[in-house]
Amino acid sequence: MLIVNAIRVRRQHERRWLKSGLTVHKEIFLHHCQHVRHSIASARKDYFAKKITNASYPRDLFKTVDHISGRSTPAILPDHLCKEELAERFSSHIAKKITDLCELLNVDSKSTDVNILPSITIMNSFSLFADVDISNIITSSPTKSCKLDILPTELVKNCVSELAKIITSIVSLF
C-alpha cells in the first residue's frame, strides 16, 4: 500500500505542476518520482531477498536467480492447437522411430514376440561394497557438475577419504 500511496501523491504533484507550470512544483514532482522509484526498487529487493532466503531446494533458488537476471526458459513444446493434437503428434513420432529402428534391426515391427528381447539376468543376492570400492568409483568418475548439484563433484572427490565410509553405509542400507 505504501507504493500505491506514493504513486497517488506523485500523480497529485504532477497535476499541480502541469496546472501551474511553476518550477517549485516541478521540483516537488521530480522529488516524488525519485521517491516512487526508490520505493519500488526497495520492495523488489526485499521480495527477492525473501524468496532467495526461503528457497528450500536448489532448483527454486536457480529459478529465482534466473528470473531476477532476466533469463527465461523458452517453451519446450512445439506449436500446437490443443493437447490432444500434440499428444497424437508425439505418439506418431515415437511409433515411426520404433518402426524405423525395427526395420534397421531387420525385425518385424508388428511382432510382439518376447523372444527378440535379450535375455534378462535375475539377481537374487547382492554383495556389499567396501569403502575402497566406493572410493574407486568416486575417483574414477568424471569431474562434471550440474548447477542443481548440492555438492560439486570436485568437492566430493577432494573429500573422498572422509565421505567414503558415510556413502558406503548409505549404499549398504539399500
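Atom CD1 of residue Ile40 and atom NZ of residue Lys45 lie 15.5 Å apart, to the nearest 0.5 angstrom. The structure places CD1 of Ile137 at 9.0 Å from OG1 of Thr168, a figure rounded to the nearest 0.5 Å. For the atom pair SG (Cys33) and CD1 (Ile7), the distance works out to 10.5 Å, reported to the nearest 0.5 Å. To the nearest 0.5 Å, the span separating CG on Asp131 from OG on Ser169 amounts to 8.5 Å. Expressed to the nearest 0.5 Å, how far CZ of Arg16 lies from NZ of Lys19 amounts to 10.0 Å. Here CG of Leu151 is found 7.5 Å from CG of Leu163. Values are rounded to the nearest 0.5 Å.
In this view, Ser42 satisfies the side-chain hydrogen bond (donor to acceptor under 3.5 Å, both in side chains) rule with no residue, not counting sequence neighbours. Not counting sequence neighbours, Lys63 has no partner by the side-chain hydrogen bond (donor to acceptor under 3.5 Å, both in side chains) test. For Ser20, the side-chain hydrogen bond (donor to acceptor under 3.5 Å, both in side chains) criterion is met by His25, not counting sequence neighbours. Judged as a side chain to side chain contact (heavy atoms under 4.5 Å, CB included), and not counting sequence neighbours, the contacts of Asn5 are Arg8. Shown here are the ring-ring contact (aromatic ring centres under 6.0 Å, His included) partners of Phe129, two or more places apart in sequence or in another chain: there are none.
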Residues 152-162, side-chain donor-acceptor partners within the protein, below 3.5 Å, at least two apart:
unit_1	atom_1	unit_2	atom_2	d
Thr153	OG1	Lys144	O	2.5
Thr153	OG1	Ser145	OG	3.4
Lys157	NZ	Ser141	O	2.3
Lys157	NZ	Thr143	OG1	2.9
Asn158	ND2	Glu154	O	3.3

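Of the possible polar contacts, none joining the Asn136 side chain to the Asp133 backbone as a donor-acceptor pair under 3.5 Å is found. Under a 3.5 Å cut-off, the side chain of Asp46 and the backbone N or O of Ala43 do not form any donor-acceptor pair.
Remark: Lys96 engages Asp100 in a salt bridge, criterion side-chain N to carboxylate O under 4.0 Å. Between Arg10 and Glu14, none of the side-chain N atoms (NZ, or NE/NH1/NH2) sits under 4.0 Å from a carboxylate O, so this pair counts as no salt bridge.
No more than 12 heavy atoms of other residues, nucleotides or ligands lie within 6.0 Å of CZ in Arg59, so this atom counts as exposed by the packing criterion. Taking a 6.0 Å sphere around CD1 of Ile94, one finds it holds more than 12 heavy atoms contributed by other residues, nucleotides or ligands. The 12-atom threshold is exceeded at CD of Gln12, counting heavy atoms of other residues, nucleotides or ligands nearer than 6.0 Å. Crowding of Leu2 atom CG: a count of heavy atoms from other residues, nucleotides or ligands under 6.0 Å not exceeding 12.
A single hydrophobic cluster is seen to contain both Leu18 and Phe29, as judged by linkage of ILVMFWY side chains at heavy-atom distances under 4.5 Å, directly or through other members. When hydrophobic clusters are built by joining Ile, Leu, Val, Met, Phe, Trp and Tyr residues whose side-chain heavy atoms come closer than 4.5 Å, directly or via intermediates, Ile28 is not grouped with Leu30. A continuous path of Ile, Leu, Val, Met, Phe, Trp and Tyr side chains, each step under 4.5 Å between heavy atoms, connects Phe90 with Ile98, placing both in one hydrophobic cluster. A continuous path of hydrophobic side-chain contacts links Tyr47 to Leu61 [ILVMFWY only; heavy atoms under 4.5 Å].
Taking the six-membered ring where the residue is Trp, His32 and His13 present parallel rings, their angle staying beneath 30° rather than reaching 60°.
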